[in-house]
Amino acid sequence: MTPAEPSAVLLRLCDASGCRAAGATALAGALAAGLEGLTSGGPPPRLKPVGCLRLCSRGPLLAVDRDGISTLYGGLSPAQMPALLALACGRGEPAPIRSAALAGHVVDHRQPFFALQRPLVLETCGCVDPTDLDDALAHGAYRQLQRLLATATPAQVRAEVRRSGLRGRGGAGYPTGLKWETVALQPPGPRLVVANGDEGDPGAFMDRSILEGDPHRLIEGLAIAAYAVGARQGYIYVRAEYPLAIARLRRALDQVRDRGLLAGTGAGSFAFTPELRVGAGAYVCGEETALLASIAGGRGIPRQRPPFPAQEGLGGCPTLINNIETLAALPALLRMGGDAHAAIGPPTCPGTKVFSISGAVVHTGLVEVPMGTSLRTVVLTMAGGVPDGTGSDGGIKAVQTGGPSGGCLPASLLDTGIDYDVLRVLGSSLGSGGLVVLDHRCAMPELARQFMAFCAGESCGKCVPCRAGTVQLADLLDQLVQGRASAADLERLVQLAEVVQRTSLCGLGQTAPNPLFSTLRHFRGDYLERLQPLAPWQS
Amino acid sequence: MTAALPPAKPRLRLATVWLMGCSGCHMAFLDLDEALVSLADRYDIVHSPVLSDRKVFPEGVDVCLVEGAVSSVDNLAMARRLRLRSRLVVALGDCAVTGNVTALRNQHPDGLAGVLQRCWGQAVPPADSPLPPLLERVLPLHAVIRVDLVLPGCPPEPGCIGRLLASLG
Amino acid sequence: MAVVTLHVDGMAVAVPAGAPLLQALTAAGVTLPTLCHHPRLSPVAACRLCLVELEGAPRPVPACVTAAAEGQRLATDTPALRQGRRLIVELLFAEGNHPCAVCVADGDCELQDAAQRVGMDRVTVPYRHPPRQVDASHPLFLLDHHRCILCSRCVRVCDEIEGAHVWAMAERGGRTRLIAGLDQPWGAVDSCTSCGKCVAVCPTGALVTREDVPLSPWPGP
Amino acid sequence: MLIEVLHQRQQQHGHLSRDTLAAVARQLQLPPAEVYGVASFYHLFRLQPPTPHRCGICFGTACVLRGAAALAADQEQRLGVRRDDPAGDGVWSLETISCIGACALAPVLLIDGVPQRTVAP
């Protein structure tokens, strides 16, 4: 990360939710007060709130850019303020890293957690002030949009995205270019675009980090998508559990509206007005048709597809729905060109992917790596594996991917390259990109029960198998966990889960049994050891 | 002459059991009336609250008709016992098959304690009373033992009971 | 009108293009149990009993909302479909309180019919016996929540045909329940015209005509 | 617009009373049943007045792995309230909440909406 102004010292303070929860706000106050009290001459250091600096487990994080060198500090509190200021004002040790008062707080940014990242979606997250449009513009925001509006037709933009091989980052991995074509080629009439920011998978915080750290990138991506499919109107739907993201996005939308940045003349005149829609706490709204129902102001109830939203969406208009990360990938993708993007990662699933890593790991946080990077690289090399973990697998028992619709991959599959197709074959799914690392203390039936209870609580209640079936499955798993189930009960459980998977109306019910199936597939022993023998009167 | 007769089928040992129910299913069984007599050609009634005086459920029962849901500890013990001693267990009537009216008490939001309070008020029987303790929830028969056949109805048609027994005999 | 030919369990039938597959099933003489479907109401595909296997589709599709197209091949009675239908009906019986023996709809109940149709001799999932309420506040009709299977026919008939918008579903998941007005006693909802359409379309005994009041004189709107 | 209006009203009044919902229905010319149906569908709309203080416990995967359930049980004991009972003891209530994405701090406990660093009991 290169500092924006090499001459002045820049203090980039991570002001994302994770670091705020760890005390960033108090640190920011102390730093601001300290800066105000500075009397010495020279250009004063500048304190800049930025988005996620990635290594959430060491929060609050502060990057100090001085003399062209960035140093990252973590685990800070107002107590370190004087030392930080001394450093920023050039009165500290010659090499910042050796400052005694900060010795325990230096975060080595050459370690694999940072060094192996390949930031594209997050290229300016952590550098740019998410509340400052001018800063965003200085970092290149809206440049691709303006270029495309001036030089490319919508069809050319679509062709470029198709060539890039980009696939939807929301979880299904549907080719983005194909989805765009479907919307664009519908009969003439109005079209809509929707950014799906209902990031509800437990353990996933990629979209939140993008929205909090670089909202203009998302808006630019959405505007590009709107131009490409011929939409003039759009929505950004964000779950209400992300107040900071909502505030920043709202502000960013006001800024671009005031400056008229989402309009242009060129290959076709274009004026785009995105609106913000805030959820109200319903996981199922991440499902496309439920999302649309919620945007329309109703209960977030999915409907049978087809027709797909790309054919018949909001108000019957063809509606393009893309995930936040998908849209935020567009500016960098279009800058480098479709072919260059397609060359990153596996040919069938190119590009980079943002993962949020949590659970039993040394380094919790956000990483962006090329698709196809092995799980081992991400959770062991980068995230450091289980604290005090031993053995070649670093104490990892499994990695949970894809949240409640995904599954668990055992440590023996750590060398798997992560992409949509490979994980699906292994009985899990990539989902939106949450990786939760499990150590050997984690009992798989309990994890499966946890996810099933989650799905039961989040079922919309419309279709019978999901509404009534998930409740029964959660109860059956409860019995199993408590050692009150027999082999016959387990068989029954699997049968019911298969029916729920096969017959439910939407993705929530269809994928609710996935954690159960994948843990049964890879950790059958965890289940069998809890079964009680069948009583003679039952057989 | 005797050679023309088919070899006599072995007689079957029939038991009927009354768990938690209204006895309506047994009344329906008795409503077979004179057909009961022809059943006697095929069955020995070895245990029944209405057709036998034997208090102990015997071993080696071929067919056991069970009326009623499983509501008390005694019901549960009896259900297990009859299963272990019977070749074929038939859940007879809606209470045994589904829980039916007997299981309505499961709806009480405060569970069994709420039910006892509602029925007995201040006079809830003490824990050491000779009354058989109730289970927290009333269960259909198949929830506690393996059930081979079900004959629903509240009560089942006597004719159905007769045809069932005739077909088994 | 374009007509398409498709195959239902191997039998060729012709129906208007775009007609719901249920129409093709009828043409082929196949009847499946349906609970949320009603021919006069918008389809919602919620009960999942009319699922059929459509060649080439990744999972079974609901016949009530899937459009007929040329050359489709449907299977309506595979072991997987049978198993699914039976379990779904079991789930419904276990979810509410359905002692048929003491229900006014016994013998005239689509849920009971469905159970017989799918061969449900017993319910293999645990009965939940939820504590629910009876709403007897309406002068003519009764709402017994114990028997409600949340098919939403009443909601739709009131919205789409009567236009009184009395009903809605409240809450979600396993706690979903039918409400009148602002979760009020039915009798307190002024927009109800007492037309009785909801009672007429209710597949079970959840919405019934009261037997303790004579149907006349008409109490007025 | 309904969801936006409900958010606004809840911000003003702290919760959505029946009167508020009736007024929203009149204002937007929507059937009252629909308004109630929507308001009761979403977790974050409160149909009862909130307690002055609220303790939230995140039940995201990372938090569950690091003892969120034990934490919740402990708080139930400590506060003397039942989990997810909005009435609480009149002062405090305890709610389980969906993942807020602060997984690095797991298990996450929120006091009046502010995440706290905590350790499992």
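Worth saying up front: this structure is predicted, and the values here are computed from it rather than measured.
- Within residues 94-106 of chain C, the residues approaching chain A closer than 4.5 Å by heavy atoms are, in numerical order, C:Ala94, C:Glu95.
- Heavy atoms from other residues, nucleotides or ligands lying under 6.0 Å from CZ of C:Arg175 number 12 at most.
- Only the side chain of C:Arg128 comes within less than 4.5 Å of a heavy atom in chain A; its backbone stays farther off.
- A:Val464 touches chain C through backbone and side chain together, each having a heavy atom under 4.5 Å away.
- Proximity to chain C is limited to the backbone of A:Ser504, based on heavy atoms less than 4.5 angstrom apart.
- Put simply, CZ on A:Arg467 and CG on C:Leu150 are 4.0 Å apart, with the number rounded to the nearest 0.5 Å.
- Applying the 6.0 Å contact sphere to CD of C:Gln133 captures no more than 12 heavy atoms from other residues, nucleotides or ligands.
- Judged as a ring pair (Phe, Tyr, Trp, His ring centres under 6.0 Å), and not counting sequence neighbours, the contacts of C:Trp167 are C:Trp186.
- Taking SG from C:Cys47 and NZ from A:Lys462, the interatomic distance works out to 11.0 Å, rounded to the nearest 0.5 Å.
- Both the backbone and the side chain of C:Leu91 come within less than 4.5 Å of a heavy atom in chain A.
- Residue A:Glu491 qualifies as open at atom CD: its count of foreign heavy atoms under 6.0 Å is 12 or below.
- For C:Ala168, no part lies under 4.5 angstrom from a heavy atom of chain A.
- Atom CZ of A:Arg492 is separated from atom OG1 of C:Thr124 by 3.0 Å, given to the nearest 0.5 angstrom.
- Checking side-chain atoms of A:Arg299 against main-chain N and O of C:Arg172 turns up no donor-acceptor pair under 3.5 Å.
- For chain A, the nearby part of C:Ile149 is the backbone; its heavy atoms alone come within less than 4.5 Å.
- In this structure, A:Thr503 and C:Ile88 approach most closely via the heavy-atom pair OG1-CD1, 3.9 Å.
- In this structure, chain A has a heavy atom under 4.5 Å from the side chain of C:Glu90, while its backbone stays farther away.
- In this structure, C:Asp113 places its CG atom where more than 12 heavy-atom neighbours from other residues, nucleotides or ligands lie under 6.0 Å away.
- In terms of heavy-atom pairs under 4.5 angstrom with chain A, the leader among C:Cys36, C:Pro60, C:Ala80 is C:Ala80.
- With a 4.5 angstrom heavy-atom cutoff, A:Arg502 touches chain C via backbone and side-chain atoms both.
- Interface residue C:Leu51: only side-chain heavy atoms are found under 4.5 Å from chain A.
- The OG1 atom of C:Thr176 lies 7.0 Å from the CD1 atom of A:Ile301; values are rounded to the nearest 0.5 Å.
- Nearest heavy-atom pair, C:Arg48 versus A:Pro465, reported as atom, atom and distance to 0.1 Å: CG-CD, 3.5 Å.
- Other residues, nucleotides and ligands contribute more than 12 heavy atoms inside 6.0 Å of the CZ atom of A:Arg484.
- Looking at A:Glu458, both its backbone and its side chain come within 4.5 Å of chain C, counting heavy atoms on both sides.
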